[in-house]
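Presented below is the structure to which this report refers.
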Protein chains: 4
Amino acid sequence: MDERQIGSLRFQLDLSQPIYEQILQQMSSAVVRGEIALGEKIPSVRELAQALKVTPNTVMHAYQEMERSGLTETRRGQGTFITSSRERVEQFRSELADEVIDAFLQRMMALGYSLADIRKLLERRQGGGSR
Amino acid sequence: MDERQIGSLRFQLDLSQPIYEQILQQMSSAVVRGEIALGEKIPSVRELAQALKVTPNTVMHAYQEMERSGLTETRRGQGTFITSSRERVEQFRSELADEVIDAFLQRMMALGYSLADIRKLLERRQGGGSR
Amino acid sequence: MDERQIGSLRFQLDLSQPIYEQILQQMSSAVVRGEIALGEKIPSVRELAQALKVTPNTVMHAYQEMERSGLTETRRGQGTFITSSRERVEQFRSELADEVIDAFLQRMMALGYSLADIRKLLERRQGGGSR
Amino acid sequence: MDERQIGSLRFQLDLSQPIYEQILQQMSSAVVRGEIALGEKIPSVRELAQALKVTPNTVMHAYQEMERSGLTETRRGQGTFITSSRERVEQFRSELADEVIDAFLQRMMALGYSLADIRKLLERRQGGGSR
DNA sequence: GTGGTCTAGACCACG
DNA sequence: GTGGTCTAGACCACA
């Protein structure tokens with residue numbers, strides 16, 4: 001598990017998932033959590049690629065996906081910027097959360113856990129406080 | 001989204017994931033939910049392959065992964081059977097659930113949701129009805 | 001790991017190897033260790049198959065291999081008998097041991113263990129007395 | 001018995017065992033003996049397949065088993081690499097040796113050889129020179 | 001009949 | 001270029 005810092009951003013990459021997806025997820029999460037301000041510039045493809053020791057192609061892939069989801073805008077010759085629309089970020093966040101929750105519930109129910117079971121399992125986790 | 005039935009088993013396959021993984025997941029889920037009895041024979045590689053319209057290789061891949069996880073035993077020349085150890089199935093189920101929950105919580109927290117937030121979102125889903 | 005007794009013979013069958021090979025090995029070992037007397041009759045194919053809950057084909061396969069190696073003789077209408085030649089049994093035993101030792105040394109040396117290393121590892125095992 | 005060289009690696013393949021298993025064993029042995037350095041890249045699936053005149057699938061099968069045992073890591077789009085953990089390799093080696101020794105002793109004792117007998121037979125072999 | 005190995009070749013995602 | 005999945009089919013050992 002490799003961990004790298006660039007500016008205020010921290011990235012943890014491993015081999016279990018496509019690297020571009022990990023960059024995508026971790027960058028999106030940082031935006032959504034407010035760790036990168038609205039309208040702010042994010043590192044250039046080359047810069048980030050170098051910092052993460054990854055080929056520029058990989059970073060580019062992640063950036064393109066972010067742009068497609070409306071989270072970033074590319075300004076010719078200036079670089080890539082987080083959208084300045086708080087609304088859009090919020091929408092992105094809640095839609096993503098919805099998908100994540102859906103997938104989670106579907107998976108758990110496929111394993112035979114009822115909604116009540118799931119609630120219990122989650123409470124146990126919250127009470128335990130480990131992790 | 002293709003849906004096929006074989007015996008009491010129902011399979012839904014799509015192109016979003018490797019087919020063998022979908023077979024693996026759906027078969028494991030069926031076992032874990034008790035839809036296939038302990039020690040029971042599951043469809044032969046060829047039989048399931050034909051029913052799902054995939055090559056025997058693909059089904060075999062799934063079956064070998066199931067065996068690796070201890071969920072099935074293969075008896076040469078006879079077929080593939082669910083393990084007769086209830087304990088092993090239970091362990092498989094709870095370990096898998098643990099992983100699913102971990103991944104879920106990690107993902108949600110990366111999006112800036114607190115445990116309390118997550119609980120609220122889930123309750124809203126539960127109140128809203130099944131889906 | 002299934003364990004079955006028939007007459008003075010004990011068999012342990014599992015799924016890790018071909019069943020006919022396990023029968024072959026365990027029967028041969030019993031002969032070689034003197035647990036079955038020279039010239040003695042061994043169980044009929046059907047009898048053993050029934051006792052081991054295995055198809056007669058499987059037992060037959062094992063018996064044919066034993067006959068091929070000269071350890072048994074089939075007398076028409078009477079059944080299968082251990083050879084009465086002590087010499088032949090002894091030769092079988094030492095040839096087999098030679099092969100087993102060869103394979104063992106070759107495997108260990110492929111893992112980078114010298115003959116001295118191997119001796120040490122074996123002594124440790126003998127001293128420990130566990131197992 | 002076919003013998004092929006690729007880089008510093010030598011492979012001997014025959015028909016007595018599954019090819020993928022022979023690749024697995026011989027590659028693992030090479031790693032364990034230090035013939036491939038920790039963290040080093042091993043031949044690509046296609047490269048080795050071509051050198052050994054087998055299909056890429058067969059090599060892949062072997063590589064996936066190696067990864068499962070923790071001996072290698074695969075980096076998407078880059079290739080397959082020996083783990084850089086010396087510890088893991090050592091553990092793999094000693095566990096494997098243990099299994100080999102166990103199986104050997106069990107087999108010999110089934111043939112009626114005592115530990116003392118086995119020691120004698122081995123010493124005779126060692127005195128006699130290398131094979 | 002069963003699982004398992006293998007071939008020959010295609011196509012994909014990733015870097 | 002890399003690993004990985006999949007197809008379509010053959011052939012084998014085993015029960």
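We name chains A, B, ... by the order of the sequence lines, and we start the count at 1 in each one.
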Which ones in residues 17-25 of chain D lie close to DNA chain E, meaning a heavy atom under 4.0 Å from one of its atoms?
-> Pro18(D), Ile19(D), Tyr20(D)

List the atom pairs, with distances to 0.1 Å, where a side-chain N or O of residues 67-75 of chain B and a protein N or O form a donor-acceptor pair under 3.5 Å, not counting sequence neighbours.
unit_1: Glu67(B); atom_1: OE2; unit_2: Thr74(B); atom_2: N; d: 3.4
unit_1: Arg68(B); atom_1: NH1; unit_2: Glu65(B); atom_2: OE2; d: 3.0
unit_1: Ser69(B); atom_1: OG; unit_2: Met66(B); atom_2: O; d: 2.9
unit_1: Thr72(B); atom_1: OG1; unit_2: Glu67(B); atom_2: N; d: 3.2

Which pairs count as ring pair (Phe, Tyr, Trp, His ring centres under 6.0 Å) when at least one residue sits in residues 34-60 of chain B, sequence neighbours excluded?
-> none

Where are the stems of DNA chain E, defined as at least 3 consecutive Watson-Crick or wobble G-U pairs with both distances under 3.5 Å?
-> E:1-14 with F:1-14

Residues at least two apart in sequence or cross-chain that pass salt bridge (Lys or Arg N to Asp or Glu O under 4.0 Å) with Arg4(B), listed by chain then number, are Asp2(B)

In residues 55-70 of chain D, which residues come under 4.0 Å of DNA chain E by heavy atom?
-> Thr55(D), Asn57(D), Thr58(D), His61(D)

Closest non-hydrogen contact found for Leu48(D) with Pro43(D) is CB-CB, 4.2 Å

Approximate separation, where rounding is to 0.5 Å, of Glu3(A) CD and Phe11(A) CZ | 11.5 Å

Nucleotide interval of DNA chain E bounded by contacts with chain A (heavy-atom cut-off, under 4.0 Å) = dC14(E) to dG15(E)

Non-neighbouring partners of Phe104(D) that pass ring-ring contact (aromatic ring centres under 6.0 Å, His included), sequence neighbours left out | Phe104(C)

For Arg93(C), the salt bridge (Lys or Arg N to Asp or Glu O under 4.0 Å) test, sequence neighbours excluded, returns Glu90(C)

Val54(C): what forms a side-chain contact (heavy atoms from CB on, under 4.5 Å) with it, not counting sequence neighbours?
-> Leu13(C), Ile19(C), Leu52(C), Thr58(C), Val59(C)

Sugar-phosphate only, base, or nothing, as touched by Arg46(D) at under 4.0 Å among non-hydrogen atoms = base

Hey, which of these two, Thr80(B) or Lys53(D), hits DNA chain E nearer its 5' end, going by closest nucleotide?
-> Thr80(B)

NA contact type, Val54(D), heavy-atom cut-off 4.0 Å: base, sugar-phosphate, or nothing?
-> sugar-phosphate

Not counting sequence neighbours, which residues clear side-chain contact (heavy atoms from CB on, under 4.5 Å) with Arg46(D)? List them please.
-> Ser44(D)

How do Ile42(D) and Arg76(B) order along DNA chain F: which one's closest nucleotide is nearer the 5' end?
-> Ile42(D)

I'd like a table of donor-acceptor pairs (distance under 3.5 Å, sequence neighbours excluded) in which one partner is a side-chain atom from residues 22-34 of chain B, with atom names and distances.
unit_1: Gln22(B); atom_1: OE1; unit_2: Asp14(B); atom_2: N; d: 2.9
unit_1: Gln22(B); atom_1: NE2; unit_2: Asp14(B); atom_2: O; d: 2.8
unit_1: Gln22(B); atom_1: NE2; unit_2: Gln17(B); atom_2: O; d: 2.8
unit_1: Gln26(B); atom_1: OE1; unit_2: Gln12(B); atom_2: N; d: 2.8
unit_1: Gln26(B); atom_1: NE2; unit_2: Gln12(B); atom_2: O; d: 2.7
unit_1: Ser28(B); atom_1: OG; unit_2: Leu24(B); atom_2: O; d: 2.6
unit_1: Ser29(B); atom_1: OG; unit_2: Gln25(B); atom_2: O; d: 2.8
unit_1: Arg33(B); atom_1: NE; unit_2: Glu35(B); atom_2: OE2; d: 2.9
unit_1: Arg33(B); atom_1: NH1; unit_2: Ala110(A); atom_2: O; d: 2.5
unit_1: Arg33(B); atom_1: NH2; unit_2: Glu35(B); atom_2: OE1; d: 3.4
unit_1: Arg33(B); atom_1: NH2; unit_2: Glu35(B); atom_2: OE2; d: 2.8

